[in-house]
2 protein chains.
Amino acid sequence: MINPDAPQTGVRAVDRALDILLCFSRSETGLSLSEIAREVGLHKSTVHRLLTSMLSKGFVRKQPGTDKYVLGWTILELIHNVYHSDELTTAVLPVMTRLRDATSETVSLYIRSGTERIRIQAVESMEPVRNVATIGKTYPLYVGASGKVLLAYADAETLEQVLADPSIPADFSREDLLTQLENIRKDGYAISVQERDSGAAALAAPIFGRHRFVAALSVSGPVTRFTQSKMSEYIEVVRESAALITKLLSH
Amino acid sequence: MINPDAPQTGVRAVDRALDILLCFSRSETGLSLSEIAREVGLHKSTVHRLLTSMLSKGFVRKQPGTDKYVLGWTILELIHNVYHSDELTTAVLPVMTRLRDATSETVSLYIRSGTERIRIQAVESMEPVRNVATIGKTYPLYVGASGKVLLAYADAETLEQVLADPSIPADFSREDLLTQLENIRKDGYAISVQERDSGAAALAAPIFGRHRFVAALSVSGPVTRFTQSKMSEYIEVVRESAALITKLLSH
DNA sequence: TGAAGGTGTCCCGCCAAACGGAACGATGTT
DNA sequence: AACATCGTTCCGTTTGGCGGGACACCTTCA
C-alpha cells in the first residue's frame, strides 16, 4: 500500500490507474497482476479491470514470455512532448547554461538507465581544452561523480547488480564506494577526480522530481582547472542549480 | 471526438483519462480545458475532474504563464523504463543490426523534435569508409531521407514552420519538397542523394506506433556504394525492417 | 496423486461515486 | 455595456465501478 490516506480529490479510478503506472517507474523488470494489487492495496479484480483499460490504449503491455505487465509503447509517443517540451529547453537548459557560464566548464544532465547512466542534455565549456559531452552517450555507474550520485539514489537491487558487475577492475574497493554513497546522500553532492577519464574531474548533485530522484547534474573538466578553491566554489553553484531545477520540476 | 465507437471494455473513466493524455501527443503547444473537452467529446466539468486527478499525480501540469495544460514531469520518470527497456534493445536493436548486416551500411533511428530531428539509436557500418552516427545528434527536417519522412508525417503546423525556416538556402525549392513528401506518403519510403552531406546517400522508411507515426528508420552511407541496383535492393529491406518494428511496437 | 497455494480471468448484485446540466465569477472581445 | 468564452463549483440522478467469490490453470510440496 503506497498511499494509505487517499487525497480524496478527482476521479478515484483515474487516481488508482495512475498509481499503477507509477509502480512501473520503480520496478525495472515488470510486475505481475498480483504484485501490483499488493503494491497499490487493491483487489486483484479491480487492478485487472484497470489494467485492461491501459492495455487497450497501449499504456502497458504484457511481456511476451512471462505474464508480467510492463509499460507500453504509447508512452514513447508522449516522450518528445515532455522531453523536448518548452519548459525543458526554456527552464532547465538556461540553468545549465548559467552553470556553464559560472564555472566555464562542461555541464551535463544524466539519468540512470538500468546499470548505466545516459547523458540526456549537455552544455559544453567554451575553453579550448574541455570535456566533450555527447548527448545520448552512456557510462558506467560506479565511476564518475554523476554516476555515484545516480547510484546513491538507486534502489538496492540496482546497487547490487552494479557491485556484481564483472567489468569492475579487481582493485576497486566496494567498501569505499558504499561509504562514498552514504556521504553523497548526506552531503547532497559527489566529487570525482580522475575516475572515468584520467585528467578529468567532476562534481555532481541530485535532482528530484515530484515523486522520486530523477537525474544528476554535473560539472566536469580538466583536473588541472579543478583546484581546491575552485572545487569548493563549484560545489555551491552545482547544488544551487540542482536545487533550482528540482524546484522547477515540482512546479 | 476521436473515437466515436467506444471500445466498451475496462474502466470508462480511465479510458477517458488516457484519451486526454493522448491528445497531448498531438498538440505541441499545450491544450486548454475547453480544447481538450472538444477533442475528446466530453463535458467541460468531466474533463476538469479527470484533469485534477492527473494534475495531483503530476502527469499533467499547467503552464505557468497561460492556463494551458501540458504533460507533467512524472512522464519523465516513466521514460527510462520504456525508452531503454529490454524490448527496445532486444527487439528494435536486433532489427537495426540485421538491417546493417544486410546492407553493411549505417542504420539510424530518428524521431522528430519540433522542427528538428534527433537520432535516438544507431548501428554503425563496419566499413572503413562509413557514415558515423552520433546518438542524440540533431539535424534539420528539410534535408535527408529520414528528415523528409519525418516531415511527410508531421502536422501541418510543423510543416509550415519548417518551410518558413530562414536558414533554408535561397535556391531550395519548396514546391519540389512538397511533391516529394506526397510521394513519400504514397510509396512509404524516401531517398536522398548528397543532400545533407555531399558524398552521402540515404534511404528512410516510416515506423508507426499504436496510434500514430513515431519514427523514421534510415540506411545511410557513401554515395559511391549506393548504385542503382543496390538502391532498389535496400528500399525493400528498409521497408521490411520498418514494417517489422511497426509490428513489434503494436505488439 | 491429491492437497495446497499461487497465479490470471470472469461474473454479478449492490450502492457509492462519477456524470453532466446548470450556474457562477472572471476575462477578454466586439 | 452587452456579449462571448473561459475555468471552476455545486448537486441530484443513476450509471457503471467495486470487490467478493468462483473458476481454471499452474507449480510445489506431501
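A quick note: this is a predicted structure, and the numbers were derived from the prediction, not measured. Reminder, nothing fancy here: chain letters follow the sequence lines and each chain counts from 1.
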Scan nucleotides 20-25 of chain D against the protein and return all N/O pairs shorter than 3.5 Å with their distances rounded to 0.1 Å.
{"unit_1": "D:dG20", "atom_1": "OP2", "unit_2": "A:H43", "atom_2": "NE2", "d": "3.3"}

So, do A:D165 and A:Y142 sit near enough that their side-chain heavy atoms are less than 4.5 Å apart?
yes

Can you say whether the rings of A:F208 and A:F213 are parallel (under 30°), tilted (30 to 60°) or perpendicular (over 60°)?
perpendicular

Please convert DNA chain D into dot-bracket. A pair counts if it is Watson-Crick or G-U wobble with both distances under 3.5 Å; crossing pairs go in [ ] and bases paired with another strand get |.
|.|||.||||||||||||||||||||||||

Can you tell me if the side-chain N/O atoms of B:R49 get under 4.0 Å from OP1 or OP2 in D:dC10?
no

Interatomic distance where CG belongs to B:L51 and P belongs to D:dT9 [whole Å]
13 Å

Taking the side chain as every heavy atom from C-beta outward, state whether A:L163 and A:L178 have any atom pair closer than 4.5 Å.
yes

Kindly say whether A:K57 contributes a backbone atom to a donor-acceptor pair with the side chain of A:T74 at under 3.5 angstrom?
yes

Could you tell me which non-hydrogen atom of B:I168 sits nearest to which non-hydrogen atom of B:V162, and how far apart they are?
CD1-O, 3.2 Å

Does B:R239 make a cation-pi contact with B:Y189, if we ask for NZ or CZ under 6.0 Å from the ring centre and within 45° of the axis?
no

Least distance between heavy atoms, A:R61 atom then A:L55 atom
CA-CD1, 3.5 Å

Any idea which of C:dT7, D:dT8, C:dA18 is nearest the A:R38 side chain?
C:dT7

A:S53 side chain vs B:V11 backbone, donor-acceptor pair below 3.5 Å:
yes

Name the closest nucleotide to the B:S34 side chain, picking from D:dC6, D:dG19, C:dT7.
D:dC6

Among D:dC18, D:dG7, C:dC19, which nucleotide sits nearest the side chain of B:A13?
C:dC19

Measure from CD on B:E35 to P on D:dT5 and round the result to the nearest Å.
14 Å

Where the side chain of A:S32 is concerned, which of C:dG8, C:dA18, C:dT9 is the nearest nucleotide?
C:dG8

Is the phosphate of D:dC6 approached by B:K68 (side-chain N or O, under 4.0 Å from OP1 or OP2)?
no

Between C:dA17 atom P and A:R16 atom CZ, what is the distance in whole Å?
9 Å

Between P on D:dG19 and CG on A:L42, what's the gap in Å once rounded to a whole number?
6 Å

Check this one for me: any side-chain N or O of B:H48 less than 4.0 Å away from OP1 or OP2 of D:dG7?
no

What is the separation between atom CG on A:L31 and atom P on C:dT7, rounded to the nearest whole Å?
13 Å

Rounded to whole angstroms, how far apart are CG on A:D15 and P on D:dG17?
15 Å

Short side-chain donor-acceptor distance under 3.5 Å, B:S146 and B:R117:
yes

Check B:R112 with B:D155, please: is the shortest side-chain N to carboxylate O separation under 4.0 Å?
yes

A:T46 side chain N/O closer than 4.0 Å to the phosphate oxygens (OP1, OP2) of D:dC18?
no

From D:dT8, C:dT7, D:dC18, pick the nucleotide closest to the side chain of A:R12?
D:dC18

